Amino acid sequence: MINGLHAIVFSPEADKVRAFYRDVLGMSSVDAGGGWLIFAMPPAELAVHPSEGNGHHELYLMCDDIHATLAELAAKGVEAVRGVSDQGWGLLSAIRLPDGSELAIYQPRHPTPPRS
């Protein structure tokens, strides 16, 4: 029934953030018209966590080795806005996007569900 996940990043500087995903993170894309890039994503997973009050949604990039990934991104001029912290379920950090916002990145320790 469900065949994928479409995530959206809203930014006041969408062109700069699109260029970052394309040029710095190396994500392939298609032009949906007028420079509106739609990026291919690696396999994804979805978790549902309990919340007090209203729910919200978060977006995290996943990697196999957070220290190597952050070093590779630093070599491309990407700022890590938080040091790596051990959350038990994984190693967590965040990088700065060109619009000044943060994007979480983590190395999971939990089992990964099989891909269909």
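Numbers here are sequence positions counted from 1. Bear in mind that the values here come from a model prediction, so they are computed numbers and not experimental data.
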Problem - Cluster link Val17 to Leu59, ILVMFWY, side chain under 4.5 Å - result: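 Both belong to a single hydrophobic cluster.
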Problem - Common cluster, Val24/Leu70, ILVMFWY with side-chain heavy-atom separation under 4.5 Å - result: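 Val24 clusters together with Leu70.
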State, with a plain yes or no, whether a side-chain heavy atom of [X] is found less than 4.5 Å away from one of [Y].
{"X": "Thr69", "Y": "Leu61", "result": "no"}
{"X": "Leu73", "Y": "Ile95", "result": "yes"}
{"X": "Arg109", "Y": "Asp86", "result": "yes"}
{"X": "Val78", "Y": "Leu25", "result": "no"}
{"X": "Leu37", "Y": "Asp31", "result": "yes"}

Problem - Summary of ring pair (Phe, Tyr, Trp, His ring centres under 6.0 Å) pairs that have at least one residue in residues 52-82, sequence neighbours excluded - result: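 Qualifying pairs, neighbours excluded: Tyr60-Tyr106.
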Problem - Any pair counted as ring pair (Phe, Tyr, Trp, His ring centres under 6.0 Å), so long as it reaches residues 20-44, sequence neighbours left out - result: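 Qualifying pairs: Tyr21-Phe39.
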Practice task
For the pair Ser93 (side chain) and Arg82 (backbone), establish whether a donor and an acceptor sit closer than 3.5 Å, ignoring hydrogens and angles.
Solution key: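 Checked: pair present.
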Practice task
Determine the minimum heavy-atom distance between Ala94 and Glu102, stating which atoms define it.
Solution key: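 Looking at all heavy atoms of both residues, the shortest contact is CB-OE1, 4.0 Å.
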Problem - NZ (Lys16) with more than 12 external heavy atoms under 6.0 Å - result: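 No - once you tally the heavy atoms of other residues, nucleotides and ligands closer than 6.0 Å, there are 12 at most.
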Exercise for the section: Evaluate whether atom CD of Glu72 has more than 12 neighbouring non-hydrogen atoms of other residues, nucleotides or ligands under 6.0 angstrom away. Expected result: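 Count not over threshold, so no.
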[atom1]/[X] to [atom2]/[Y] distance, rounded to the nearest 0.5 angstrom?
{"X": "Leu103", "Y": "Arg96", "atom1": "CG", "atom2": "CZ", "result": "11.5 Å"}
{"X": "Leu91", "Y": "Gln107", "atom1": "CG", "atom2": "CD", "result": "5.0 Å"}
{"X": "Ser29", "Y": "Met41", "atom1": "OG", "atom2": "CE", "result": "12.0 Å"}
{"X": "Leu97", "Y": "Glu79", "atom1": "CG", "atom2": "CD", "result": "11.0 Å"}

Handout entry: Polar side chain donor-acceptor pair, His49 to Glu58, under 3.5 angstrom
Key =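 No - no donor-acceptor pair under 3.5 Å links their side chains.
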